[in-house]
Structures are given as structure tokens and as C-alpha cells.
Trainee: 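Here it is: the structure, laid out below.
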Amino acid sequence: MFTRLLTLAFGLFLVEFSDGCDLYAAAGTKVYVPLNIKLNPGERLNWKYGKDVVKTKMEDVTSGKVQNIAKNGSYILENVKKEQLGDYSYEVHDVNGKQKSASTINLCVLDPVSKPNVTTECKGSKVNFTCVLGQQPEDAQFKWLQDGKVINETTNPLEKEASETNGKKSSCEVSNKVSSKTSEPSTHDCLVENPVSKPNIMTECKGSKVIFKCVLDQQHKDVKVKWLQDGKEINETTSPLEKEASETKAKHISCEVSNKVSSKTSDPSTHDCLVEILSGIPDELFGISIWFFVAGGGGFVLVLIIIVAVCCVRRKRRRGI
């Protein structure tokens, strides 16, 4: 019982979703409604469409003497029109007049699709491809192709990064059950952002401060700059970057530049700007720490004091003699 119900339900499903067409044809084309059997000598073939009946013998068919019948027995429709859709049936009778075969073929005539066109529109770093469909049959479907290969995109317009499609040929294909048309391939001339080049760091001493400059070899638009100290991002976005020399002494400063398609970071850089210990007193002199000179001066003074003290003692002793 269950099997019968399942079979019945499946049959209803097929009836609901099937269009009942055995043969599809595009309006305006030449159609052969096929004869699905081979004729033998002496046999007769009858084709019927509505009230029109064509009766012929096998010999007349194979010799091509019958109008609208091909040599293999197929029914010919020249320049078929949409009103010529419907059931085309045939009967084959043997030499004794007995029916040998019979079949009905339901012909569906549809309008063919027209050739679409692709237009492009630049939109920032992106490009919009539009498949201009024009007047198309209701059952028409379309697909996108890139360099002749179908891509997994179904939206129209199609938005893509200009850099991804630069130099590629995009087209759209429109089709239905009886025809297919593909647009001419289209490219775009939208501006494409090039990847940024690796920047360099330049330093400039300015009093107690140091200026870091993030230098690019070539010009780029919409470039963002990010500063890093010892590999960690700092909350600075200005370029050049001005800092106290004492704050960045022995620190590794680098800059990262980026746009929508790439990112590059400079090699880390340090500076050799003089750092003042007190106002007007640098921490280095001739590349040597100021503390070396302080210690040296202090040592010199101490030795001088000792020498003076020794001299004084020796002088007192001489006077006492």
C-alpha cells in the first residue's frame, strides 16, 4: 500500500513540474519532428497534426518525393512558428495494412534569446559589470564568464575588485532550452591600485628632538602610515614623526605603509642624535659619553689635590728641620 502511494505521489510530482514537451524548437528555425522507427519497403507512413494528415509510401519517402517529409521519415517544419506547437503523431503500417508502430510527439516552440551586452562602471577600487539583457524570453537564464570560463557568480550587476579583473575579459551568456547567446568580451580601464613599495626610514636631529621620516620610492594614493617602536605599534600617524631624542634613544623605529591591496614595513632604524643630560649638556661628546669626561675630570682634580697635599706636607717638614 505504501509503495503504491509513494508511486502515485511521485507521479503527481512529475506531472506538476514537467512541461510535457518531448521536443523543443526555436521560433524561426527549421525543425525535424523525428520518426523513431526505420521504414521497410512496402510500408506506409501517416503523419497527423490537428486536421492535417500526410499519407505516403516508404518508396516515396526515401526518394524525397513527399513534401514536408524527410528521407528518413521525419516531419519537416520550415521556419516554425509558435502557433505550430502541439502534438505531432505518426502511424506506420506494414505491407498487409497492419499497424506496426504509433507515437505522439509534443512539440514546444519557444522564442530564442537575443545577444546580450556587457557594460562597465568604475566605482572606487571596484568595477561593476552589468549584463544588459534587453528583450528576452521569460525562461531565459544567464551566467558570467571570465576569459571564456564560467565563474560562480549570479548577481547582476557583478561587482569585482578592479585589480582582480584588470586585463581579464568578462562576458555574460544568456540561454534557454532552445538557444544560447554570449556577449562580446569586455575589459575595463578603471584605475587599479598598485601594491605599495617597501618604505625607508630617514632621521634628522633637531635640538633635543629627532625627526623620523617614512620615505616611499614611488607615489601611491590613499596610503596609510603606521609607526612601530621595537616592533610594537604606537599611537602615532603623522609623517614625519617628531620625538624627544631621549625617549627614542636605542629604540628601533619602523613604519608600515598600506593601501587596499598591500602592506609593507621598513627595516627598523635607530638614531645617533645627542641627548642632553641637563639643559645645554649633551650625553655624548665626540661620540664618547659625557660621563667619561666627568669621571676623567674628577680624577684629574683628585690627583691634583693629592699632589698639592703632598707638596704642602713636604714643605712643612723642611721648615721644621
Trainee: Determine whether I253 and T203 make a side-chain contact, defined as any pair of heavy atoms from C-beta on separated by less than 4.5 Å.
Mentor: no
Trainee: Once ring pair (Phe, Tyr, Trp, His ring centres under 6.0 Å) is applied, do any residues pair with F212, and if so which ones, sequence neighbours excluded?
Mentor: none
Trainee: Examine distances only and state if a side-chain atom of N96 and a backbone atom of K98 form a donor-acceptor pair shorter than 3.5 Å.
Mentor: no
Trainee: Quick one: which residue pairs count as a salt bridge (Lys or Arg N to Asp or Glu O under 4.0 Å) with a foot in residues 35-57, not counting sequence neighbours?
Mentor: E43-K100
Trainee: Within a strict 4.5 Å, meaning less than it, do heavy atoms of the Q229 and E236 side chains meet?
Mentor: no
Trainee: So, taking the atom named CG in D111 and the one named CD in Q135, what distance separates them when rounded to the nearest 0.5 Å?
Mentor: 9.5 Å
Trainee: Which pair of non-hydrogen atoms, one from P240 and one from I211, has the smallest distance, and what is that distance?
Mentor: CB-CG2, 3.5 Å
Trainee: Output all residues satisfying salt bridge (charged side-chain N to carboxylate O under 4.0 Å, His left out) with E159, sequence neighbours left out; order by chain, then residue number.
Mentor: K126
Trainee: List in chain and number order the residues that pass side-chain hydrogen bond (donor to acceptor under 3.5 Å, both in side chains) with T265, two or more places apart in sequence or in another chain; answer none if no residue qualifies.
Mentor: none
Trainee: Minimum heavy-atom separation for L216 and P199, please, with both atom names.
Mentor: CD2-CB, 4.0 Å
Trainee: Using side-chain contact (heavy atoms from CB on, under 4.5 Å), reason through K206 and E242 one step at a time and then give a plain yes or no.
Mentor: CA-CA 9 Å; K206 189 178 181 182; E242 186 175 290; 4.2 Å; yes
Trainee: List the steps, then state whether side-chain contact (heavy atoms from CB on, under 4.5 Å) holds for V178 with T29.
Mentor: CA-CA 10 Å; V178 297; T29 62; over 6 Å; no
Trainee: Same hydrophobic cluster for V80 and V54, using side-chain heavy-atom links shorter than 4.5 Å among ILVMFWY?
Mentor: yes
Trainee: Which atom pair, heavy atoms only, marks the closest approach of V33 to L23?
Mentor: CA-CD2, 4.1 Å
Trainee: In terms of hydrophobic clusters joined by side-chain contacts under 4.5 Å, are V113 and L85 together?
Mentor: no
Trainee: Is K30 close to I76 at the side-chain level, that is, under 4.5 Å between some pair of heavy atoms?
Mentor: yes
Trainee: For K251, check side-chain hydrogen bond (donor to acceptor under 3.5 Å, both in side chains) against everything at least two apart and list the hits.
Mentor: none
Trainee: Could you list the residues that satisfy salt bridge (charged side-chain N to carboxylate O under 4.0 Å, His left out) with K224, not counting sequence neighbours?
Mentor: none
Trainee: Count the heavy atoms belonging to other residues, nucleotides or ligands that lie under 6.0 Å from CG of D189, then report whether that count exceeds 12.
Mentor: no
Trainee: Between CG of L158 and OG of S170, what distance do you get to the nearest 0.5 Å?
Mentor: 7.0 Å
Trainee: Can you tell if the side chain of T62 reaches within under 4.5 Å of the side chain of K71, non-hydrogen atoms only?
Mentor: no
Trainee: Please report the closest heavy-atom contact between V61 and A70, naming both atoms and the distance.
Mentor: CG1-O, 3.3 Å
Trainee: Of Y49, W47, Y90, which is the lone residue that meets ring pair (Phe, Tyr, Trp, His ring centres under 6.0 Å) with Y75?
Mentor: W47
Trainee: Do H93 and N46 have side chains that get closer than 4.5 Å, going by heavy atoms?
Mentor: yes
Trainee: Are the side chain of Q136 and the backbone N or O of S114 linked by a donor-acceptor pair below 3.5 Å?
Mentor: yes
Trainee: For E138, I'd like to know if atom CD has over 12 heavy atoms of other residues, nucleotides or ligands within 6.0 Å.
Mentor: no
Trainee: With a 3.5 Å distance limit and no angle check, can you tell me whether S183 reaches the backbone of C172 through a side-chain donor-acceptor pair?
Mentor: yes
Trainee: Of all heavy-atom pairs between C273 and A245, which one has the smallest distance, and what is that distance?
Mentor: CB-CB, 4.2 Å
Trainee: Look up atom CG in D230 and atom NE2 in H252, then write down how far apart they are to the nearest 0.5 Å.
Mentor: 7.0 Å
Trainee: Nearest 0.5 Å please: distance from the CG atom of L107 over to the CG atom of L77.
Mentor: 6.5 Å
Trainee: What I'd like to find out is whether the side chain of T104 reaches to under 4.5 Å of the side chain of Y88, using heavy atoms alone.
Mentor: no
Trainee: Check this for me: does any side-chain nitrogen of one of E184 and K115 sit under 4.0 Å from a carboxylate oxygen of the other?
Mentor: yes
Trainee: Can any side-chain N or O of N156 pair as donor or acceptor with the backbone N or O of C131 at less than 3.5 Å?
Mentor: yes
Trainee: What are the two closest heavy atoms between A25 and V31, and how far apart are they?
Mentor: CB-CG2, 3.3 Å
Trainee: Going by the angle between their ring planes, with limits at 30° and 60°, are F129 and H188 parallel, tilted or perpendicular?
Mentor: perpendicular
Trainee: Could you check E244 against S208 for side-chain contact (heavy atoms from CB on, under 4.5 Å), going step by step and ending with a plain yes or no?
Mentor: CA-CA 6 Å; E244 289 291 337; S208 65; 3.4 Å; yes
Trainee: Starting from F142, can I reach L145 by hopping between I/L/V/M/F/W/Y residues whose side chains sit under 4.5 Å apart?
Mentor: no
Trainee: Could you give the distance from OG (S89) to CG (N106), rounded to the nearest 0.5 Å?
Mentor: 11.5 Å
Trainee: Just wondering, do P137 and L110 contact through their side chains at under 4.5 Å, heavy atoms?
Mentor: no
Trainee: State the CD-OG distance between E256 and S263, to the nearest 0.5 angstrom.
Mentor: 3.5 Å
Trainee: Tell me whether Y24 shares a hydrophobic cluster with L35, the cluster being built from Ile, Leu, Val, Met, Phe, Trp, Tyr side chains joined at under 4.5 Å.
Mentor: no
Trainee: Give a yes or no on this: more than 12 heavy atoms of other residues, nucleotides or ligands lie within 6.0 Å of atom CD of Q141.
Mentor: no
Trainee: Taking a hydrophobic cluster as the set of Ile, Leu, Val, Met, Phe, Trp and Tyr residues connected by side-chain heavy atoms closer than 4.5 Å, whether directly or through intermediates, do I37 and V66 fall within one such cluster?
Mentor: yes
Trainee: Kindly indicate, with the supporting measurements, whether the criterion side-chain contact (heavy atoms from CB on, under 4.5 Å) is fulfilled by I201 and C255.
Mentor: CA-CA 7 Å; I201 295 287; C255 69; 3.6 Å; yes
